[in-house]
Protein chains: 2
Amino acid sequence: MKDKRQQILETALKLFVENGFHATPTSMIAKEAGVATGTLFHHFKTKEELINTLYLETKEILIQALTKQVNEQDTLKSKFRQVFYNAINWAISHPDHQFFYSQYSYSPFISTLTRELGLQRFHVIQELLKEGQENDILKAIPIGLMIDTAQGTLDGITNYLMEHPEKIDDREFTEQAFSMFWDVLKG
Amino acid sequence: MKDKRQQILETALKLFVENGFHATPTSMIAKEAGVATGTLFHHFKTKEELINTLYLETKEILIQALTKQVNEQDTLKSKFRQVFYNAINWAISHPDHQFFYSQYSYSPFISTLTRELGLQRFHVIQELLKEGQENDILKAIPIGLMIDTAQGTLDGITNYLMEHPEKIDDREFTEQAFSMFWDVLKG
DNA sequence: ATTCGAATTGACTAATCAGTCGGTAAAGCT
DNA sequence: AGCTTTACCGACTGATTAGTCAATTCGAAT
């Protein structure tokens with residue numbers, strides 16, 4: 001009898017990615033997870049609580065992944081390169097989490113909570129952006145525009161890589177991709 | 001009297017943006033539109049057909065908007081500038097359509113259809129991108145990456161403008177925003 | 001061994017949903 | 001005018017849903 005709670009979360013993630021939140025009944029999650037519906041509602045008071053838990057958990061490990069090895073780097077560009085590689089590598093190796101995150105971000109029914117917390121995903125990047133602007137390395141534009149554009153560009157590159165995962169090992173390719181990301185930012 | 005169909009579509013768009021597809025019952029759409037449920041299902045065989053109709057309609061007017069005045073421009077950069085301004089102006093003046101489009105694109109339950117058609121949204125841009133690559137004006141990278149990144153960057157900028165609509169009239173600001181978009185692409 | 005809370009079960013329910021159907025009113029056509 | 005098609009209505013249905021609950025098992029501490 002291993003952790004049923006964890007089993008529920010993993011199954012829910014998979015099914016949410018396949019069917020979406022609303023099109024995935026709790027009964028289906030329970031069945032697929034090999035658990036009674038009562039067990040599901042024992043661990044999560046409501047379906048929404050299950051979804052939110054999944055989101056917060058995903059966000060946590062994403063932030064951990066993005067931050068890796070960044071502080072050790074010297075130049076600002078190197079730091080951005082590190083974050084960039086962290087981001088694309090994470091997406092490739094956790095496709096379900098990545099899809100779930102996108103799906104959650106664009107779903108309207110939790111939008112208020114999300115849009116506030118959503119920015120925190122790029123808190124690391126935000127700090128780097130500010131640092132770069134203060135040192136006149138990056139474009140002198142409103143920080144909000146900088147953040148949204150950086151996020152959008154990164155999402156676009158990530159989307160492409162998700163459908164061409166083999167490219168992740170092509171050093172020349174990934175460096176080209178990074179140069180797009182960098183060119184958006186640099187002044 | 002012929003407007004009931006249109007009334008249903010408009011009401012559905014509004015409610016879908018507010019609640020999401022699945023969280024918006026057909027009964028709610030009918031009620032809000034001042035129409036019987038039978039009427040709704042007379043015009044649209046299923047709920048999914050209603051959603052798809054809304055998507056196709058939205059796509060159509062978006063494409064029209066993006067293409068405006070593009071051919072008249074002389075240089076490639078001017079053409080991109082025109083598309084860029086068309087895109088952000090459309091988003092600002094049709095926020096519900098814009099939200100609906102994003103929501104639809106990221107929802108998994110119609111994903112296969114969407115991901116194929118989704119690219120068509122940027123068919124205009126695709127042609128321009130190819131032209132730019134052939135003339136060594138743009139980055140020499142896989143066209144797919146170019147498309148996804150351009151779309152991502154544009155989406156990011158659009159997202160920012162949606163929350164700061166007043167900036168659309170700031171000529172200096174929008175030109176800065178365009179320079180980010182252009183820097184992603186240019187070689 | 002006994003106790004007690006937490007974990008687990010699955011039949012159950014009240015609510016809600018997409019879609020139907022039989023019928024009425026209005027347009028369109030000849 | 002008559003005749004046909006299309007638009008419209010709203011009560012109804014069968015299926016499905018999130019969430020409940022009384023009963024049972026598990027696990028660990030006393």
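Chain letters run A, B, ... following the sequence lines, proteins first, then strands; residues in each count from 1. Owing to the predicted nature of the structure, the values given are computational and were not obtained by experimental measurement.
Checked by atom type and distance alone, the side chain of A:Asn135 never pairs as donor or acceptor with a backbone atom of A:Ile137 at under 3.5 Å. Counting only distance, with no hydrogens or angles, the side chain of B:Asn86 and the backbone of B:Lys68 share a donor-acceptor pair below 3.5 Å.
Toward the 5′ end of DNA chain D lies the nearest nucleotide of A:Met28, the other residue of the pair A:Met28 and A:Lys45 mapping further downstream.
In this structure, CZ of B:Phe21 is placed 17 Å from C1' of C:dA18, rounded to the nearest angstrom. The nearest whole Å value for the distance from the CZ atom in A:Phe41 to the C1' atom in D:dA22 is 18 Å. At whole-Å resolution of the value, CG in B:Leu50 and C1' in C:dG19 are 13 Å apart. Between A:Glu49 atom CD and D:dG19 atom P there is a gap of 10 Å when expressed in whole angstrom units. Between the CD1 atom of A:Ile8 and the P atom of C:dA7 there is a distance of 11 Å, rounded to whole Å. The CZ-C1' distance, from B:Arg5 to C:dA27, rounds to 18 Å in whole Å.
Recorded end-axis angle for the helix from C:dA1-D:dT30 to C:dT30-D:dA1 stands at 20°, based on five pairs per end and rounded to 10 degrees.
B:Tyr160 has its ring centre less than 6.0 Å from the ring centre of B:His164. Remark: aromatic rings of A:Tyr101 and A:Tyr55 are close, center separation under 6.0 Å.
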So which protein N/O to nucleotides 9-13 of chain C N/O distances come out below 3.5 Å?
from: C:dT9; atom 1: OP1; to: A:Lys4; atom 2: NZ; distance (Å): 3.1
from: C:dT9; atom 1: OP2; to: A:Ala36; atom 2: N; distance (Å): 3.0
from: C:dT9; atom 1: OP2; to: A:Thr39; atom 2: OG1; distance (Å): 2.7
from: C:dA11; atom 1: N6; to: A:Thr37; atom 2: OG1; distance (Å): 3.2

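OP1 and OP2 of D:dT6 both lie 4.0 Å or more from every side-chain N or O belonging to B:His43.
Within a 6.0 Å radius of CD in B:Glu172, no more than 12 heavy atoms belonging to other residues, nucleotides or ligands are found.
Note on B:Asp74 versus B:Lys79: no salt bridge recorded, every NZ/NE/NH1/NH2 to OD/OE distance being 4.0 Å or above.
Ring planes of B:His94 and B:His97: perpendicular class, angle over 60° (limits at 30 and 60°).
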> Would B:Phe173 and B:Ile168 count as a side chain to side chain contact (heavy atoms under 4.5 Å, CB included) if you check the C-alpha gap in whole Å, the side-chain angles of each, and the deciding distance to 0.1 Å?
Replying inline: CA-CA 8 Å; B:Phe173 174 86; B:Ile168 199 81; over 6 Å; no
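Looking at residues two or more places apart in sequence or on another chain, you find no salt bridge (Lys or Arg N to Asp or Glu O under 4.0 Å) involving A:Glu49.
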